[in-house]
Every structure is written in structure tokens, then in C-alpha cells.
Student: 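After the C-alpha cells below, expect a handful of questions from me.
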Amino acid sequence: MAKTHITTSINGEPVEFLCEPNQSLLEVLRNTLGLTGTKEGCGTGDCGACSVTVDGRLVCSCLVLAVEAEGAEIATIEGMAQGETLHPLQRKFLEMAALQCGICTPGVLISARALLEKNPNPTETEVRFGLAGNLCRCTGYDKIVRAVMEAAAEMRETV
Amino acid sequence: MNRFDYIRPGTVAEAVSAAAVPGSAYLAAGTNLLDLMKIGVARPERLVDLNYLPGLDAIEALPDGGVRIGARVRNADLAQDPGFRRRFPAVAEALLSGASGQLRNMATVGGNLLQRTRCPYFQDTASACNRRAPGSGCDARGGENRLHAVLGWSEACIATHPSDFCVPLVALGAVVEIAGPAGPREVPLADFHLLPGATPERESVLAPGELVTALRLPAEAAGFAAHARYVKLRERTSYAFAVVSAAAALRIEDGRIAAARLALGGVAAKPWRAEAAEAALVGAAPDAAAFQQAAEIALAEARPSGDNAFKIELARRIARRALRLAAAGTPERLPALPASPFAPLSGGLHG
């Protein structure tokens with residue numbers, strides 16, 4: 001089967017790759033492009049570990065075919081910090097110990113950023129609803145929710 | 001995932017023609033196709049990608065007061081469209097009660113209609129399932145079946161349709177627009193899904209190669225906007241399929257019910273409209289006695305298909321609750337956790 005040539009943008013950088021029709025975007029990000037920050041959990045759209053944004057829209061990259069990336073703007077966890085400067089969400093997650101094993105964390109951070117872009121001042125219920133698609137098997141979510149609320153408050157002050 | 005040919009048509013006509021080849025499947029968001037391909041339940045030889053077709057992604061107000069929703073409109077975009085959610089609040093509430101943010105951002109209107117059942121035996125290729133492998137039997141009958149159908153099921157299949165979205169749509173008289181090799185046609189949503197009977201592998205009236213292009217809601221559906229709710233009971237407060245759900249819509253004039261709509265989700269292989277219950281409500285006062293009677297009528301034919309007799313009483317209660325909440329009035333703002341009986345609502349809507 002002929003591979004397809006895809007031209008796309010990842011974290012603001014132009015990227016080209018070759019893929020098979022049955023490869024997911026997640027597979028190409030991790031195995032072809034070496035962007036292993038995005039994780040594979042379930043592979044069937046349930047757990048959110050593979051969350052990225054495609055043209056600003058939060059999606060599960062395990063359920064996006066890599067061929068669909070043609071012409072798209074993709075954002076992954078690797079683009080979240082600006083050089084050595086962590087995103088406020090990343091910093092609060094560290095300060096407030098909102099992670100244990102870390103497998104769900106990149107997806108949670110991408111998801112939380114997408115939530116705060118739409119709703120900079122969410123209630124706790126709204127944070128829990130917004131992050132419902134990101135499963136964590138370690139922390140029980142309370143620390144994650146608190147860190148997102150704290151980061152949101154800090155981001156509102158600095159705007 | 002199995003290997004497949006990938007085709008990217010530029011028009012609906014090209015798509016229909018490409019999908020006429022046996023072994024083809026349409027790909028929209030893929031949220032309920034790629035997952036099934038990964039576990040070997042679906043094995044299409046050709047995927048016809050709809051994501052580049054023009055003209056299927058609009059929410060269009062119709063001159064007669066109805067609305068046409070293109071098949072590629074994403075669930076999140078429809079739920080957040082201010083005009084749509086104001087006129088059809090129960091539909092928006094149902095959309096927001098389904099899946100997760102990621103999946104609502106991806107999933108399309110057309111794909112939602114064509115969701116496959118979440119019966120675990122359907123999803124497990126080592127189990128017998130007449131829906132997946134006709135004639136192989138039904139392991140759900142003697143298996144884990146507490147969430148299975150209580151209406152319209154057959155000896156061959158007791159699976160349920162998982163959609164939230166379809167429940168208020170069927171209550172409100174939605175119509176499905178279809179393109180196909182034999183030309184365009186339209187089918188009321190109430191007639192779109194098929195009950196299993198002896199052929200559970202036939203899930204809808206779509207013929208091979210036919211494509212859902214749009215959904216229409218008639219103008220009269222907007223007449224229920226002031227009293228329309230979707231209530232969903234699930235095993236956790238968000239991100240779970242309905243155990244049972246109900247969409248209720250009322251038009252109340254001079255303290256009496258002038259028109260009523262009621263449909264149930266999670267109870268059958270299709271979204272279940274309860275027309276006899278609707279008829280019984282017309283002319284009644286919107287009170288507990290009328291809602292109780294309507295709920296009894298709606299479930300009159302129900303019978304357990306396994307360890308799920310509890311779902312019949314649960315469905316009655318959810319139907320009553322949906323009617324009571326609808327009568328109390330559509331909230332100004334959808335609850336942050338929409339459609340859950342456990343959602344922290346203010347204003348006494350818990351009833």
C-alpha cells in the first residue's frame with residue numbers, strides 16, 4: 001500500500017511525514033515523529049491520555065487518522081511550555097502534586113488548557129465536567145481539579 | 001486496525017458512488033468506527049472519508065421555522081449554537097449529557113444516529129452475537145444483561161441503542177435526509193432505526209451505500225422550547241451511557257397540556273417514542289397524577305430481557321421526573337452537569 005505524504009503543522013512548526021491510511025495520528029506523533037509526550041491509554045477514545053488539539057479543537061488523537069492531519073494545526077504537550085518557562089497549569093500541577101504516575105497528565109493539561117480558553121473562570125463543577133474525558137487511575141482527581149482552579153485564578157490575574 | 005483503502009471524495013455524489021462498492025464504510029469523526037476497527041468488530045475494506053465534503057456542516061434556519069442540521073455538524077457545535085439551544089433546549093441538553101468534551105468535539109450528527117450498541121457481547125469478538133455475526137446466538141441472554149433492553153427486544157437480540165441525542169429528536173419529530181445510489185429520500189427518525197426481530201444485524205433502514213446528509217426538525221418542535229427537558233440516569237454522574245433516560249416536552253395553555261412529547265432512551269434498540277402516553281397527557285393538568293399515568297402507559301409493554309426488571313420501574317420514574325421538570329420550565333441556563341438527576345440544580349427543579 002502506498003504511503004501518503006502529509007504536510008501539517010505541529011506546535012507552530014511545519015512538519016511533513018509519510019503514513020499508512022490505517023495509522024492513527026497518535027501513532028505517527030509518537031512512533032514516526034518521536035513526540036512521545038502524548039500517551040496511549042485505551043486506544044478507543046475513552047481515557048483522554050492522547051488528547052491534542054487539531055485546529056484548536058480538543059480531540060482524542062487515537063481516533064484521528066494521521067491522513068486527516070493534512071493542512072491542520074496540531075498542538076501537543078511538547079508545545080505547552082515556552083522554552084524553560086512552564087505554562088501556569090504545568091507549574092500548578094507540580095506545586096500542588098496533581099499527578100502521581102504521570103501517564104494521564106499530558107492529556108489532562110491539554111484538556112485543561114482547552115477548557116480555560118473557553119471558560120477562564122470555571123466553577124469546580126465545570127472543571128470536573130470539562131475534564132470528564134480524562135481518566136486518572138492514581139489521584140482521585142481532587143488535586144487535579146484544585147490545581148486547575150488555582151491556575152485559572154492565576155491566569156485571570158496576569159491577563 | 002485492519003488495512004483498508006482510503007478514499008477522499010469531493011462531493012456527495014462521488015461519496016455515494018465510492019461507497020457502492022461492497023465492503024465500504026463511511027468515515028466521519030470515526031469515534032464509533034475506528035474504535036470498533038481496533039477491536040476487530042468492524043473490518044471495512046474501504047473507508048470513504050466524508051470530512052472534506054462541502055455543504056454538510058451547516059445549521060440552517062428554514063423559512064418555515066424549522067431547522068436543518070448538516071450530517072457533519074459536530075455535537076459540541078450544535079449544543080453550543082445559541083439559536084439552536086434556545087429553540088431546542090432538550091436536544092442541547094441531551095448532547096451535553098453524552099460522552100466527553102473530546103468526543104463531543106469530534107462526533108457528528110449523522111454518526112450519532114448510526115452508533116452501534118454498547119452491549120459487551122457485541123464488542124467482544126469471542127462472544128456469540130447475532131447482531132455482529134448473524135446466526136451465532138446471543139451470549140447476552142444468559143450473561144451480564146442488567147443494562148439491556150426492556151422494550152422491543154427479541155429472542156435474537158436484547159441490545160439497546162446508546163444515543164442521548166436521538167431521544168429528544170424522536171420526541172420532536174425529526175426527519176432524516178438521505179442520499180443514495182437511487183437518489184435522495186427522507187425518513188422520519190421514528191422509522192429510521194429497526195427493532196431487532198429475527199435480523200438484528202439490520203440496524204437502520206439505510207440501504208448499502210446510502211448516506212445520511214442532514215437532519216431536520218419541524219417548526220412545531222420549537223413550540224415546546226419553554227417546557228422541554230432531557231433527563232438521564234447513569235451509573236456515574238458524567239461520562240457514561242444512559243441506564244435509562246427520557247425527553248419530555250410540553251406545550252401548556254391555560255393551565256392544561258395542549259401538546260406533549262415523550263421519548264425514552266436506554267430501553268430499546270431504538271430511541272423509543274411513547275405516543276400513547278403523549279395522547280393521554282393532552283387536555284390534562286400538568287400534575288403528578290397525569291405524569292404518573294403517562295409513565296405507566298409508556299412502559300405498559302415493557303418486560304425484562306434478563307436481570308433488568310429494575311429498569312422498567314426506573315424508566316417510569318425518569319419519565320415522570322422529565323415531565324415534571326419540563327412542566328416546571330426550561331431553565332435559563334443549562335445546568336453545568338446537564339441532564340443528571342443528581343446535578344446540583346438551583347430553583348427547586350429537582351422536584
Side-chain angles (χ1 to χ4, degrees), chain A residues 1-4 19-27 40 42-72 107-108 110-112 114-115 117-119 122-135 141, chain B residues 1-8 27-39 41 43-52 74 76-77 80 96-107 111 118 123 234 236-241 333-340 342-345:
Chain A
M1 198 179 298
K3 291 201 174 191
T4 306
C19 69
E20 304 268 3
N22 66 348
Q23 284 188 291
S24 68
L25 175 60
L26 172 66
E27 202 178 326
E40 177 164 37
C42 65
T44 52
D46 296 313
C47 77
C50 66
S51 297
V52 302
T53 62
V54 176
D55 292 331
R57 181 177 281 261
L58 180 71
V59 301
C60 295
S61 61
C62 74
L63 291 184
V64 176
L65 291 181
V67 292
E68 310 267 9
E70 175 67 38
V108 173
I110 291 287
S111 201
L115 169 70
E117 277 169 7
K118 277 192 286 192
N119 182 358
T123 63
E124 181 186 327
T125 306
E126 286 167 342
V127 171
R128 289 182 183 274
F129 182 65
L131 297 183
N134 292 86
L135 305 187
Y141 303 107
Chain B
M1 258 190 282
N2 61 292
R3 296 173 78 88
F4 52 82
D5 291 332
Y6 173 81
I7 293 150
R8 189 179 280 183
L27 172 70
T31 53
N32 194 208
L33 176 60
L34 299 183
D35 57 337
L36 292 176
M37 288 170 68
K38 289 183 179 195
I39 59 175
V41 171
R43 302 185 63 85
E45 291 159 26
R46 285 154 59 90
L47 283 192
V48 179
D49 188 346
L50 307 173
N51 285 301
Y52 300 85
R74 310 283 168 174
D77 294 342
Q80 303 297 348
L96 291 174
S97 78
S100 65
Q102 286 90 332
L103 294 173
R104 289 191 296 272
N105 275 343
M106 304 171 77
R118 262 60 186 187
Q123 300 204 341
R234 43 195 152 180
R236 28 172 213 272
T237 315
S238 77
Y239 198 18
F241 291 99
R333 238 180 124 253
L334 287 180
L337 265 182
S340 167
F342 305 118
L345 303 189

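Please read all numbers here as calculations on a predicted model, not as lab measurements. Chain identifiers are assigned alphabetically (A, B, ...) following the order of the sequence lines, protein sequences preceding nucleic acid strands; residue numbering begins at 1 within each chain.
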Student: Most heavy-atom pairs under 4.5 angstrom with chain B, which of A:Ser24, A:Gly43, A:Gly130?
Tutor: A:Gly43
Student: Does any heavy atom of chain A fall under 4.5 Å from the side chain of B:Asp49, the backbone, both, or neither of them?
Tutor: side chain
Student: Would you mind checking which part of A:Ser111 comes under 4.5 Å of any heavy atom in chain B, side chain (CB onward), backbone (N, CA, C, O), both or neither?
Tutor: side chain
Student: Considering all heavy atoms of both residues, which atom of B:Leu96 and which atom of A:Phe129 are nearest to each other, and what is their separation?
Tutor: O-CZ, 3.2 Å
Student: What part of A:Ile110 is in contact with chain B, defined as an atom under 4.5 angstrom from a non-hydrogen atom: side chain, backbone, both or neither?
Tutor: neither
Student: Let me know if B:Arg236 has heavy atoms under 4.5 Å from chain A in its side chain, its backbone, both or neither.
Tutor: neither
Student: Would you confirm whether B:Lys38, through its side chain, and A:Leu63, through its main-chain N or O, come within 3.5 Å as a donor-acceptor pair?
Tutor: no
Student: List in chain and number order the residues that pass salt bridge (charged side-chain N to carboxylate O under 4.0 Å, His left out) with B:Arg118, two or more places apart in sequence or in another chain; answer none if no residue qualifies.
Tutor: none
Student: Would you mind checking which part of B:Ala99 comes under 4.5 Å of any heavy atom in chain A, side chain (CB onward), backbone (N, CA, C, O), both or neither?
Tutor: neither
Student: Please name all residues satisfying side-chain hydrogen bond (donor to acceptor under 3.5 Å, both in side chains) with B:Arg46, sequence neighbours left out, ordered by chain then number.
Tutor: B:Ser24
Student: Is chain A contacted by the side chain of B:Leu47, its backbone, both, or neither, given a heavy-atom distance below 4.5 Å?
Tutor: side chain
Student: Sort B:Leu27 into side chain, backbone, both or neither according to what part of it lies under 4.5 angstrom from a heavy atom of chain A.
Tutor: side chain
Student: Please identify, among A:Thr4, A:Thr44, A:Leu115, the residue contributing the most non-hydrogen atom pairs under 4.5 Å to chain B.
Tutor: A:Thr44
Student: Heavy atoms only: give me the nearest A:Ser51-B:Gln102 pair and the separation to one decimal.
Tutor: OG-NE2, 2.8 Å
Student: Whether the side chain of B:Asn105 engages the backbone of A:Val59 through a donor-acceptor N/O pair (distance < 3.5 Å, no angle test) should be reported.
Tutor: no
Student: OG of B:Ser100 to CG of A:Leu58: how many Å apart, nearest 0.5 Å?
Tutor: 8.0 Å
Student: Among the options A:Cys62, A:Pro122, A:Gly48, pick out the one with the most heavy-atom pairs lying under 4.5 Å from chain B.
Tutor: A:Cys62
Student: Mind ranking B:Tyr6, B:Tyr239, B:Tyr52 by heavy-atom pairs under 4.5 Å with chain A and telling me who comes out on top?
Tutor: B:Tyr239
Student: Which residues pass the salt bridge (charged side-chain N to carboxylate O under 4.0 Å, His left out) test with B:Asp77, not counting sequence neighbours?
Tutor: A:Arg57
Student: Give me the contact list for residues 64-72 of chain A versus chain B, heavy atoms only, anything under 4.5 Å, ordered by residue number.
Tutor: A:Val64, A:Leu65, A:Val67, A:Glu68, A:Glu70
